[in-house]
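Okay, structure first, notes after.
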Amino acid sequence: MGIKCNGNVSGKLATNRCLCCSKLELVVLRLPWVWVSEMTTMESLIGLVNRIQRACTVLGDHGGAEGALPTLWEALPSVAVVGGQSSGKSSVLESVVGRDFLPRGSGIVTRRPLVLQLHKTEDGQPEYAEFLHLPKRRFTDFGLVRKEIADDTDRLTGKSKQISPIPIHLSIYSPNVVNLTLIDLPGLTKVAVEGQPESIVQDIENMVRSYVEKPNCIILAISPANQDIATSDAIKLAREVDPSGERTFGVLTKLDLMDKGTNALDVLEGRSYRLQHPWVGIVNRSQADINKNVEMIAARQKEKEYFATSPDYAHLSSKMGSEYLAKLLSKHLEAVIRARIPSITSLINKTIEELESEMDHLGRPIAIDAGAQLYTILELCRAFDKIFKEHLDGGRAGGDRIYGVFDNQLPAALKKLPFDRHLSLQNVKKVVSEADGYQPHLIAPEQGYRRLIEGALNYFRGPAEASVDAVHLVLKDLVRKSIGETQELKRFPTLQSELAAASYQALERFREDSKKTVTRLVDMESSYLTVEFFRNLPQEMEKGGNPTTPATDRYSDGHFRRIALNVSSYIAMVSETLRLTIPKAAVHCQVREAKRSLLNHFYTQVGRREAKQLGQLLDEDPALMERRVQCAKRLELYKSARDEIESVSWAR
Ligand SMILES: Nc1nc2c(ncn2[C@@H]2O[C@H](COP(=O)(O)OP(=O)(O)OP(=O)(O)O)[C@@H](O)[C@H]2O)c(=O)[nH]1
């Protein structure tokens, strides 16, 4: 909804559209104590973008989607200077500034983008320059500025003539400039010369393209008038990335070098190549002027005179020259920034939200003091332990596999025990006879029974231990799963593996204890046989069998079969008991203990560790740490950009 730009409107607002004139007003707002309905001058708008651009460089946002981080740089309007080598780019920039300050030389001199921020100061104030990378140093000697640009380029690229996309930021404060930001880019070239890598031609084009293809980039396309416009590198590239020409400013240099009798009116009046903005003709210092150290201010004056007195261009003279170009660009840049502020503001707010949610996801940075680290470790352990318990108690899948061991695996294993073989007639006879010794049993083979039973009971050790092992495997698997499912642990691979190792060790101890317990259950069955079972036997026999069996029958096959049958039903009874008690032992010793004290040992160990060792436990995945640092920097950038915009809007 719109608001009136000079009415009594309440509420906080950074940007809006005026209801009465429908112009875009940057701000109409009420501070608690005073009405402020003033909006920003050209200075503050361009200055605002300057400050945000500097923050971008400091915080590593050079445009481009490195690591898929959001880029603010690309959303900011900027003016990029594009042209072929020797087209006069440096001369245009220096004319606009009114100072000699750019490195000169043969080949590719500009090998990094130069973000040149011009700040107009009050008349009579001294001129000076400042680099972002040397914040405490004011350069009043522009020869030293030139040297520092060259040195800083070499510092980053080496002297290898490589190019780098990381910009150098230079601010110039002068009463002779307009507020403007220009990005000087390496000159487009067609061949690599001695000492340059073959790829340089393409590398330069790619870098220049990466700047000018952004929809927020205003293209200052420099072409020399003494060459056919159809061969201009700058126009060729501009046409590709901005076919409608709405963000391209055509600049024609070297008008004074055209052949006698020719002029550039076809270009300057838009007939040769039409752009949305008018072409601007420029006359820079010639090489001879440079050699003679002709002052820049004098050169500007000479340029003015050239157009004023030129029979070809006098009618265009008010719209020609470097001073006019600087003002035109400044005005246009200001207008573009004004129009873009609302979308930049909403982009900033949206990105802050996204980055904050990513930071939440990545987790906050680790504290450095031991107490806080220990606390973090214990919290992480608790988070894991909670998930592990949920697996056992239900809520998460997996605990039911333990019941599966008791309900399927154990009964199946018990059923498969080879009692048939053990209680075969032949084996029964053998065992009973061996137990009898030289004196065969008279009434019932007491020793024979015992040996047969003891022999059979031994078979139960296998399924008992196998059940313990099966439960152990399930628990181990649940530990692994729970670690994987503990989101908070994801960033700490060292802690993950130490937790896993500590849990596995604990489970190993529980397994041993559980094995001892189930073996003891089996041993207990051998230690004391159930008397009632055998007391009941004769009665059973009397009921079911023949009471008048003669004594000689006791040594017949039938007698041994009866013994086998009796032992078999005793074993069946024991098997049933063990089927019920082995699960109790396993749960008691393993499952219950895992729930109660899986990490007890680990806690004691961690409690004794020094700060350094605790820090090592919280070692994160380096890629993740890097991502967090990058996100934090980007977040800082977006927040400071938001503050900058608010500070302009909330003029106090
Ligand atoms: N007479 C005259 N000479 C010019 C004009 N513009 C540039 N020159 C000369 O052309 C030569 C190249 O100009 P530069 O400004 O260095 O061109 P550049 O595009 O920056 O060149 P590189 O940095 O090598 O890509 C210099 O000798 C300038 O003096 C002009 O309008 N008139």
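All ligand and atom numbering here is 1-based and tracks the order in the structure. Since this is a predicted model, take the numbers as computed values, not measurements.
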Enumerated ligand 1 atoms positioned under 4.0 Å from heavy atoms of [X]:
{"X": "Gly84", "answer": "19 (O)"}
{"X": "Ser90", "answer": "15 (O), 18 (P), 20 (O), 23 (O)"}
{"X": "Asp256", "answer": "1 (N), 2 (C), 30 (C), 31 (O), 32 (N)"}
{"X": "Leu257", "answer": "1 (N), 2 (C), 3 (N)"}
{"X": "Val283", "answer": "31 (O)"}
{"X": "Gln287", "answer": "26 (C), 27 (O), 29 (O)"}
{"X": "Gly88", "answer": "7 (C), 13 (O), 14 (P), 15 (O), 17 (O), 18 (P), 19 (O)"}
{"X": "Gln85", "answer": "25 (O)"}

Start with the C-alpha gap between Arg628 and Arg491, add the side-chain angles, then the distance that decides, and say whether side-chain contact (heavy atoms from CB on, under 4.5 Å) holds.
CA-CA 11 Å; Arg628 183 187 304 109; Arg491 44 194 278 224; 2.8 Å; yes

Show, in sequence, the C-alpha distance, side-chain angles and deciding distance for Glu240 and Lys236, and conclude whether the side-chain contact (heavy atoms from CB on, under 4.5 Å) test is met.
CA-CA 6 Å; Glu240 273 177 52; Lys236 183 172 165 271; 4.1 Å; yes

As a check for students: among Ala225, Gly187, Ala299, Ser86, identify the option with a heavy atom nearest to atom 22 (P) of ligand 1.
Ser86

Name the orientation class of the two ring planes belonging to His332 and Phe249 (parallel below 30°, tilted from 30 to 60°, perpendicular beyond 60°).
perpendicular

Using side-chain heavy atoms (C-beta onward) and a distance below 4.5 Å, is Asp151 in contact with Thr153?
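With C-beta onward as the side chain, the pair stays apart.
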
Any heavy-atom pair between the side chains of Lys302 and Asp289 that's under 4.5 Å?
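Yes, their side chains come closer than 4.5 Å.
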
Taking 4.0 Å as the limit for heavy-atom contacts, which would you say applies to Arg285 with ligand 1: side chain only, backbone only, both, or neither?
backbone

Pairs of donor and acceptor atoms involving the side chains of residues 129-139, under 3.5 Å and at least two apart or interchain, shall be tabulated with distances.
unit_1: His133; atom_1: NE2; unit_2: Glu148; atom_2: OE2; d: 2.8
unit_1: Arg138; atom_1: NH2; unit_2: Tyr128; atom_2: OH; d: 3.4

Apply the test side-chain contact (heavy atoms from CB on, under 4.5 Å) to residues Leu252 and Val280: give CA-CA distance (whole Å), side-chain angles for both, the deciding distance (0.1 Å), then the verdict.
CA-CA 6 Å; Leu252 207 58; Val280 180; over 6 Å; no

Considering distance alone, does some N or O of Ile290 sit under 3.5 Å from an N or O of ligand 1?
no

Answer with yes or no whether Ser87 contacts ligand 1, where contact means a heavy atom under 4.0 Å from a ligand atom.
yes

Should Pro186 be listed as contacting ligand 1, given a heavy-atom distance under 4.0 Å as the test?
no

Please report the closest heavy-atom contact between Met320 and Trp279, naming both atoms and the distance.
CE-O, 3.7 Å

Pair Glu94-Leu102, side-chain contact (heavy atoms from CB on, under 4.5 Å): steps then yes or no
CA-CA 7 Å; Glu94 288 182 332; Leu102 289 170; 3.5 Å; yes

